[in-house]
Enquirer: 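Before we start, here is the structure in question, set down as structure tokens.
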Amino acid sequence: MAFATTRPRRKKRFFRRRRVCRFCADSNLKIDYKDGKTLRYFLTERGKIIPRRISDNCAKHQRQMTLAIKRARQMALLPYTITQSI
Amino acid sequence: MRKYENFFMVQPDLSEDALGAVAGKFRGVVESNGGTVVSYVPWGKKKLAYPVKKNDYGYYILMKFAAGPELIAELERNMRLDERVLKFITVKLDDDYLPEQNGTEADVVPSDEAQPGLAVREDEDEDDVELEDEED
């Protein structure tokens, strides 16, 4: 059960700042599939879509975001994949 | 009538005349099938994220128009047949739209910059590290 520890344990319980979805916070921001530069913030270096738990988008905006990214990929504004040259 | 936008990409090395011809052709397709072109904005040449038909650049054009649903098939058929068009996408913007009431739209080419307010991604991934470290 409880073990005596020499170094004092800081009890840090899930210190997670809950941030709000940036598209909810700022209504001036628009999700547009033609705006590749903005959508790029929601891609990893390899071109994958950043998950909601990291991007902090709400469900609604994440849905709009993934749709926009997929459309942008069709139009070659965003990559489907970025292959690393070795 | 519905409002649509057609975002398409033509070959990057077309001359001014050829671009005019493309504009004339697709405006014609929309208008001769009972649609109204609301705006036609050339966005210019952009670098592509991946090569399309061996082109590294593409010339993007955004056309917004009001039309019924049957026009889309005809417009897309024409785009597929046209060798100058590399890619296109048609998106419905509005289900109920009357071009007479709304007038034409300004032909604004959006800036190449990302929208401000997004760049601030302070300590993005760091707070996942701070999970519980209590073992007792």
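Throughout, a chain's letter reflects where its sequence line sits, starting with A, and its residues are numbered from 1. No hydrogens, no waters, no symmetry mates; every other heavy atom, side chains included, goes into these values.
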Enquirer: Has B:Lys87 got a side-chain atom pairing as donor or acceptor with A:Gln74's backbone, closer than 3.5 angstrom?
Expert: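 Yes, B:Lys87 side chain to A:Gln74 backbone: donor-acceptor pair under 3.5 Å.
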Enquirer: Hey, any chance B:Tyr57 and B:Val10 share a hydrophobic cluster, counting ILVMFWY side chains that come within less than 4.5 Å of each other, even indirectly?
Expert: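 Not linked; separate clusters.
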Enquirer: Please classify the contact between A:Leu77 and chain B as side chain, backbone, both or neither, with a heavy-atom cut-off of under 4.5 Å.
Expert: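 Interface part for A:Leu77: both.
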Enquirer: Can you tell if the side chain of B:Trp43 reaches within under 4.5 Å of the side chain of A:Lys34, non-hydrogen atoms only?
Expert: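 Yes, close enough: below the 4.5 Å cut-off.
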Enquirer: Going by heavy atoms in the side chains, are A:Tyr33 and B:Ile89 under 4.5 Å from each other?
Expert: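 They are in side-chain contact.
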Enquirer: Would a hydrophobic clustering, with Ile, Leu, Val, Met, Phe, Trp and Tyr connected at side-chain separations under 4.5 Å, put B:Leu19 with B:Val30?
Expert: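 Yes: a chain of side-chain contacts under 4.5 Å links B:Leu19 to B:Val30.
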Enquirer: Show the nearest heavy-atom pair for residues B:Phe88 and A:Met75, with the distance to one decimal.
Expert: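 Shortest heavy-atom contact: C-SD, 3.7 Å.
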Enquirer: Membership question, hydrophobic clusters at under 4.5 Å side-chain separation (ILVMFWY): are A:Leu39 and A:Ile82 in the same one?
Expert: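 No, separate clusters.
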Enquirer: Give, as side chain, backbone, both or neither, the part of B:Leu62 having an atom under 4.5 angstrom from any heavy atom of chain A.
Expert: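 Answer is side chain: those atoms of B:Leu62 sit under 4.5 Å from chain A.
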Enquirer: Determine, using the 4.5 Å side-chain heavy-atom cutoff (strictly less than), whether A:Leu78 and A:Ile49 are members of one ILVMFWY cluster.
Expert: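 Yes, because A:Leu78 and A:Ile49 connect within a single hydrophobic cluster, where side-chain heavy atoms sit under 4.5 Å apart.
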Enquirer: So, does B:Tyr50 use its side chain to make a donor-acceptor pair with the main chain of A:Arg73 at under 3.5 Å?
Expert: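 Answer holds: yes.
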Enquirer: Kindly check if the number of other-residue, nucleotide or ligand heavy atoms within 6.0 Å of CG (B:Asp96) is above 12?
Expert: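 Atom CG in B:Asp96 is not crowded, with 12 or fewer foreign heavy atoms closer than 6.0 Å.
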Enquirer: Would you find more than 12 non-hydrogen atoms of other residues, nucleotides or ligands less than 6.0 Å from B:Lys25 atom NZ?
Expert: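 Counting neighbours around NZ of B:Lys25, more than 12 heavy atoms of other residues, nucleotides or ligands fall under 6.0 Å, so yes.
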Enquirer: Looking at A:Pro79 and B:Ala49, what are the two nearest heavy atoms and their distance?
Expert: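 Looks like N-CB, 3.3 Å.
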Enquirer: Which one of B:Leu86, B:Val52, B:Leu48 has the most heavy-atom pairs closer than 4.5 Å to chain A?
Expert: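 Option with the top pair count is B:Leu48.
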Enquirer: When clusters are formed by joining ILVMFWY residues with side-chain heavy atoms under 4.5 Å apart, either directly or through shared neighbours, do A:Phe23 and A:Leu67 land in the same one?
Expert: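 Per the 4.5 Å side-chain linkage, A:Phe23 and A:Leu67 are not co-clustered.
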